[in-house]
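Here the structure is laid out as structure tokens; the discussion comes afterwards.
The chain is numbered in sequence order, starting from 1.
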Amino acid sequence: MEASLQPGERRALPTRLSPSRASDFKRCPKLFEYKTILGLSTPNTVATARGTLFHLVFEHLFDFPRAERTRENARSLVSPGWELLTHPDKADDEVSDPMERRLRDTSGLWIELLEADTWDLSSKLERAADYRLLAPSGSQEEANIISQVEQLVDNYFEKDIEHVQDFDPHGREVHVQAQLGDLTVHGYIDRLDVHQTQSGEEHWFISDYKTGKPPQAQYASESFFGMRVYALLLEEERGIRPHKLRLVYPSADRVTGIVTEVVDEALQIRTKSQVLQIWEEIKTCDTQEHWPTKKAKLCNWCHFQEQCPAFA
Ligand code: SF4
């Protein structure tokens, strides 16, 4: 977590970028300025709370041995997972639920451990306070978040979207980072899998979970931007070129629930030049101290619309 700024203060241009910040710039340079240079935060919402809980459940489903990765066990993670997100700072003697205890052990979410990193602790506490405000304990909002994530779990198993008992991920929440010119790019991959083909070759797959509906065909390519950057980082950092990128939609069905894209040399070259091009444009905006607005349909969901000159 970065230090918060006083009104009017500006941050120096970062030399480390994540795919989501690069996406901000692609979407609108002014948006990038608000978030990255002026350090203005976007508030947590019920949707972000639900998304965080959903990711936590799908990450920890793989803590179970293969045969125990069932719908019931996945569902049993939802309420304790919400407790973790809304009360990250519990001490050992405050937790009696065995599943919550197990989740805290695997996530390192005990106050005794969190205190070692005060930035991380305060960001988790801030987020927890937001979630408790949006969905107070015992409220209908809280019940909705929990039941919506349970429904995603139910659908994922009922529609047989993936066979989680048949494989173990190579990694979850895998950090990847590489140097591209004078820029460091980094990010976290939801899930990294490796499969051995019959001929003994290793095929790597990057998977990303999505709470929404699968994109319409004309927008599908755009949805892969972040994952393409992960594929590039994986090859730059570890020499591994993934075979495919997979967007996983637990709300969909067996046919539409996995949207894939094949990774090849041409895609890697294109992604690298796209990231470097974005970086050059960012540096130009910074030098000229001019971050243009880019009005589009997505402005309707932009938190900064009220202060944006395009809407003055
Ligand atoms: S409202 Fe639109 S133009 Fe303004 S900052 Fe947000 S995305 Fe950019």
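One hydrophobic cluster, built from ILVMFWY side chains closer than 4.5 Å, holds both L183 and L13. The cluster map of Ile, Leu, Val, Met, Phe, Trp and Tyr, joined by side-chain heavy atoms under 4.5 Å apart, puts V248 and F205 in different clusters.
Although no hydrogens or angles enter the test, the distance criterion places no donor-acceptor pair under 3.5 Å between the side chain of T256 and the main chain of A252. Put simply, the side chain of Y34 gets close to the backbone of Q307: a donor and an acceptor are under 3.5 Å apart. A donor-acceptor contact shorter than 3.5 Å is absent between the side chain of D24 and the backbone of L31. Side chain of T184 to main chain of L180: no donor-acceptor pair is present (N/O by atom type, distance under 3.5 Å, no hydrogens or angles). No donor-acceptor pair under 3.5 Å is formed between the side chain of H203 and the backbone N or O of Q196. A donor-acceptor pair under 3.5 Å is absent between the side-chain atoms of N44 and the main chain of D130, judged by distance alone. A distance-only check finds no donor-acceptor pair linking the side chain of T36 to the backbone of E33 [under 3.5 Å].
Residues A74 and V57 share a closest heavy-atom pair of O-CG1, 3.7 Å. Of all heavy-atom pairs between S223 and Y219, the closest is OG-O, 3.2 Å. Residues V229 and P19 approach most closely at CG1-CG, 3.8 Å, considering heavy atoms. Here the shortest heavy-atom pairing between L77 and L61 reads CD1-N, 3.7 Å.
Annotation: side chain to side chain contact (heavy atoms under 4.5 Å, CB included) contacts of Q288 (sequence neighbours excluded): T284, H290. The side chain to side chain contact (heavy atoms under 4.5 Å, CB included) check on D166 picks up H163, with sequence neighbours excluded. In this structure Q165 satisfies the side chain to side chain contact (heavy atoms under 4.5 Å, CB included) test together with R69, T70, sequence neighbours excluded. Take R241 and apply the salt bridge (charged side-chain N to carboxylate O under 4.0 Å, His left out) test, not counting sequence neighbours, and it matches E235, E265. Under the rule for a salt bridge (charged side-chain N to carboxylate O under 4.0 Å, His left out), R50 has no partner lying at least two apart in sequence or in another chain. For R104, the salt bridge (charged side-chain N to carboxylate O under 4.0 Å, His left out) test picks out E100, with sequence neighbours left out. Every salt bridge (charged side-chain N to carboxylate O under 4.0 Å, His left out) that K283 has, sequence neighbours left out, goes to D182, E280. Every residue two or more places apart in sequence or in another chain that forms a side chain to side chain contact (heavy atoms under 4.5 Å, CB included) with E59 is listed here: R172, E173.
By the neighbour-count criterion of 12 heavy atoms within 6.0 Å, atom CD of E72 is densely surrounded, having more than that number from other residues, nucleotides or ligands.
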Q: Could you walk me through whether S18 and V185 pass the side chain to side chain contact (heavy atoms under 4.5 Å, CB included) test, one step at a time?
A: CA-CA 6 Å; S18 65; V185 187; over 6 Å; no
Q | Worked verdict on L56 versus L103 for side chain to side chain contact (heavy atoms under 4.5 Å, CB included) | A | CA-CA 9 Å; L56 185 140; L103 271 180; 4.2 Å; yes
Q: Could you go through the side-chain hydrogen bond (donor to acceptor under 3.5 Å, both in side chains) check for D105 and W110 one step at a time?
A: CA-CA 8 Å; D105 282 342; W110 294 105; 3.0 Å; yes
Q | Verdict with supporting geometry, S251 and L152, side chain to side chain contact (heavy atoms under 4.5 Å, CB included) | A | CA-CA 6 Å; S251 65; L152 285 169; 3.6 Å; yes
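Identified under the salt bridge (charged side-chain N to carboxylate O under 4.0 Å, His left out) test for residues 294-307, with sequence neighbours left out: none. Sorted by first and then second residue, the salt bridge (charged side-chain N to carboxylate O under 4.0 Å, His left out) pairs involving residues 196-208 (not counting sequence neighbours) are D208-K210.
For R191 and E162, the salt-bridge test passes: some basic side-chain N is under 4.0 Å from an acidic carboxylate O. We find that R246 and E261 are not joined by a salt bridge, their nearest charged nitrogen and carboxylate oxygen being 4.0 Å or further apart. Between D154 and R71 there is a salt bridge, since at least one side-chain N of the basic residue sits less than 4.0 Å from a carboxylate O of the acidic one.
Aromatic rings from Y188 and Y230 are positioned such that their centres are separated by 6.0 Å or more. With ring centers used as reference points, W204 lies under 6.0 Å from H170. Ring to ring, F62 and F167 are close: their centroids are under 6.0 angstrom apart.
Checked against Y131 for a side-chain hydrogen bond (donor to acceptor under 3.5 Å, both in side chains), the options T45, T48, T52, T86 give a single hit: T52.
In this structure, W301 shares a hydrophobic cluster with L298, the cluster being traced through Ile, Leu, Val, Met, Phe, Trp and Tyr side chains under 4.5 angstrom apart.
Using a 4.5 Å heavy-atom threshold, the side chains of K124 and D89 count as separate. Within the 4.5 Å cutoff, side-chain heavy atoms of C308 are placed close to those of T293. A heavy-atom distance below 4.5 Å is found between the side chains of R27 and C302. Contact of the Y249 side chain with the P215 side chain is registered, since non-hydrogen atoms from C-beta on lie closer than 4.5 Å. Taking 4.5 Å as the limit, some side-chain heavy atom of L247 sits within range of a side-chain heavy atom of M227. Between K272 and I269 there is no side-chain heavy-atom pair separated by less than 4.5 Å. The closest side-chain heavy-atom distance from N155 to I161 is below 4.5 Å. Counting heavy atoms from C-beta on, the side chains of F25 and W279 never come closer than 4.5 Å.
Relative to the ring axis of F304, K30 does not place its NZ or CZ within 45° and under 6.0 Å from the centre. Because its NZ or CZ atom is both nearer than 6.0 Å to the ring centre of F64 and within 45° of the ring axis, R102 counts as a cation-pi partner of that residue.
Rounded to the nearest 0.5 Å, atoms CD (Q151) and CZ (F54) are 13.0 Å apart. Rounding to the nearest 0.5 Å gives a distance of 12.0 Å between CD1 of I145 and CD of E150. Atom CZ of R132 and atom OG of S137 lie 10.0 Å apart (nearest 0.5 Å). The distance from atom CD of Q277 to atom CD1 of I282, rounded to the nearest 0.5 Å, is 10.5 Å. Of the inter-residue distances, the one linking I189 atom CD1 with L233 atom CG reads 7.5 Å to the nearest 0.5 angstrom. For the atom pair CG of N144 and CD of E141, the computed distance is 7.0 Å after rounding to the nearest 0.5 Å.
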Please report, to 0.1 Å, the donor-acceptor pairs under 3.5 Å made by any side chain of residues 78-85, with sequence neighbours excluded.
residue, atom, partner, partner atom, Å
W82, NE1, E142, OE2, 2.9
E83, OE2, H87, ND1, 3.2
E83, OE2, K90, NZ, 2.8

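Looking at R228 and Q274, their side chains never bring a donor and an acceptor atom within 3.5 Å of each other.
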